[in-house]
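Okay, structure first, notes after.
Just so it is clear, the model here is predicted, and its values are computed rather than measured. Read the numbers this way: they start at 1 and go in the same order the structure lists the ligands and their atoms.
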Amino acid sequence: MSLPPVYILAIESSCDDTSASVLRGAEALSNVVATQHIHEEYGGVVPELASRAHQQHIVPLVHQALAKANIDKKQLSAIAFTRGPGLLGSLLVGTSFAKSLSLGLGIPLIEVNHMEAHVLAHFLETPGKQPPPFPFLAMTISGGHTQIIRVDDYFRMEILGETLDDAAGEAFDKSAKLLGFPYPGGPLIDKHAAQGDPTRFTFPIPKVGGFDFSFSGLKTSILYFLQRETAANPDFISQNRDDICASIQYTIVRILMQKLRKASKATGIKHVAIGGGVSANSGIRQALKDAEREWGWTTYIPPFEYCTDNAAMIGIVGYFKYLQGDFATLNVSAKARYRLGS
Ligand code: KG4
Ligand code: ZN
C-alpha cells in the first residue's frame, strides 16, 4: 500500500518579499513571490511599508500558489511559515496567517527558521541536480545575511562564521549607492564588472578572526576613495565605472572565498553549497568553478528562484519536520532574532 502524498503550503514573509508555495513531498509544485518595489524609492527596506505590503499580498498569493499547484486547500497536510529571523512586523503577517489557516483547516502548523531554510533549499527536487551529501559547508549570502554553516544532517547545523556588521549583499548595494546606482545595486555592479578590470583599483581585505566577516570597512574605504578621486576629477565615476565595479566585486568575492577556503581546510569538507541572492553574482560563481578545479571542491547552487527569499525553501523544511512530527502549537510567536540551531 502506498502512502498518500504530503502536501505542504508554505509562507515566507521575513523581509520585503511575500511568497507562497505548495510542495508535494520535496517537489515544489508552485513558488510565487511578490517583490515589494516600494522600497526602491527609499534606497532600502522600510519595515512599516513592508508589513503593510505583506498584508495586501498574502491572501492573493496563497490563492495563486494553490491554483498553480492545482491543489485544493482541503488536500493540504500542513502549513509551514517563517518564524524568524527577520523584521518583526513582516514576520507577524505570515505567522498570523499561518496560525489562522491551520486552525481553520484543522491541519498541523510548522514553524521554520529562515536561515535553516536557505540551507535546506538545496534539497528541493530539481531536475538534473543532486543535493550535497552530509557533511557539507553552506554559505548563505544575501542582502540580510552572511553565514558559513557546517551541516552534518538536516537538523544538525552549526554556524562557523558570520558577518559582524553588513551582509555581503549590503556590501554590494551600499557600494552601488555610492556609484549612483538605484537600489538594489548588486546586480548592476555585476553587470558593469563584466566589462571592467578587477585589478585596476585595490581595496583592503578586512582582518577579522576565525570564519567571521566584516564589510563595513570596505564601504568606508570605497567612500573615501571616491571622494578623493572625484575631488580631482568630477567625472571619475562615469569614466571608470566598469573598472570600479570589477574591483569592488573582486574584493567582496575574495573576502567570501578566503573564509570559505579557511573553513574547508579546517573541517576537511570539500562539498560547498551556496545560497541567498548574492549567489547570482558571476564573480562568486566563477570563483566556485575555479575552486572545483584547483582545490577539488564540489559546489552546489540551487536554481535562482530557490536562492532568493522564497516560500519553497520554507516548504522543504516544513516537509522534513512533517515527517518527524515536529509541529508547533498555536501559541508560537514570531521571533525577529532567531539563531540557527537555537
Ligand atoms: O536573497 P535576496 O533576494 O534577499 C535578501 O536580502 O534576503 O538577496 C538580495 C541581495 C541584494 O543585496 C542584491 O543586491 C544581491 O542579493 N544580488 C546580487 C546579485 N543579484 C542579487 N549581488 C551581486 N551580484 C548579483 N548578480
Ligand atoms: Zn534570506
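Note: Phe123 and Phe320 have perpendicular aromatic rings, judged against thresholds of 30 and 60 degrees for the angle between ring planes. Using cut-offs of 30° and 60° on the angle between ring planes, the pair His122 and Phe136 is perpendicular.
The Gly169 neighbourhood of ligand 1 comprises atoms 12 (O), with distances under 4.0 Å to a heavy atom of that residue. Of all atoms in ligand 1, listed by their number and element, those nearer than 4.0 Å to a heavy atom of Asp190 are 24 (N), 25 (C), 26 (N). Which parts of ligand 1 touch Thr308 is read off a 4.0 Å heavy-atom cut-off, strictly below it: atoms 1 (O), 3 (O). For ligand 1, the atoms lying closer than 4.0 Å to a non-hydrogen atom of Gly144 are 6 (O). Close contacts of ligand 1 with Val278, meaning ligand atoms under 4.0 Å from a residue heavy atom, involve 15 (C), 16 (O).
Within a 6.0 Å sphere centred on CD of Gln227, heavy atoms belonging to other residues, nucleotides or ligands number more than 12.
Backbone and side-chain nitrogen or oxygen atoms of Asp309 are examined, and one is located within less than 3.5 angstrom of a nitrogen or oxygen of ligand 1. Residue-to-ligand polar distances place Asp173 within reach of ligand 1: an N/O pair is separated by less than 3.5 Å. Annotation: Gly276 places no N or O atom under 3.5 Å from an N or O atom of ligand 1; distance criterion only. For ligand 1, the polar-atom distance check finds an N/O of Asn281 within less than 3.5 Å of one of the ligand's N/O atoms.
The aromatic ring centroids of Phe97 and Phe81 lie 6.0 Å or more from each other. In this structure, the ring of Tyr306 has its center no less than 6.0 angstrom from the ring center of Tyr300. Taking the six-membered ring for Trp and the full ring otherwise, Phe225 and Phe236 have centroids separated by under 6.0 Å.
The count of protein N, O or S atoms under 2.8 Å from the Zn ion (ligand 2) stands at 4, with waters excluded from the count.
In this structure, Ile189 has no heavy atom closer than 4.0 Å to ligand 1.
Given atom 1 (O) of ligand 1, the protein heavy atom at minimum distance is Gly277 N, 2.9 Å.
The residues Lys289 and Glu292 are annotated as not salt-bridged, no charged nitrogen and carboxylate oxygen being separated by less than 4.0 angstrom. Ion pairing between a basic and an acidic side chain is recognised when a charged N comes within 4.0 Å of a carboxylate O; Glu294 and Arg261 show no such pairing.
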Side-chain donor-acceptor contacts of residues 39-49 below 3.5 Å, not counting sequence neighbours, with atom names and distances?
residue	atom	partner	partner atom	Å
His39	ND1	Val46	N	3.0
His39	NE2	Gln36	OE1	2.7
Glu40	OE2	His37	ND1	2.7

List the atom pairs, donor and acceptor, that lie under 3.5 Å between side-chain atoms in residues 215-222 and the rest of the protein, sequence neighbours left out.
residue	atom	partner	partner atom	Å
Ser216	OG	Asp165	OD2	3.1
Thr220	OG1	Ser216	O	3.0
Ser221	OG	Leu218	O	3.0

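Among Ala193, Gly143, Gly283, Gly186, the residue whose heavy atom sits closest to atom 22 (N) of ligand 1 is Gly186.
The only member of Ile255, Thr146, Ile141 that meets side-chain contact (heavy atoms from CB on, under 4.5 Å) when paired with Thr163 is Thr146.
A salt bridge (charged side-chain N to carboxylate O under 4.0 Å, His left out) check over residues 197-215, counting only residues at least two apart or in different chains, returns the pairs Arg200-Asp243.
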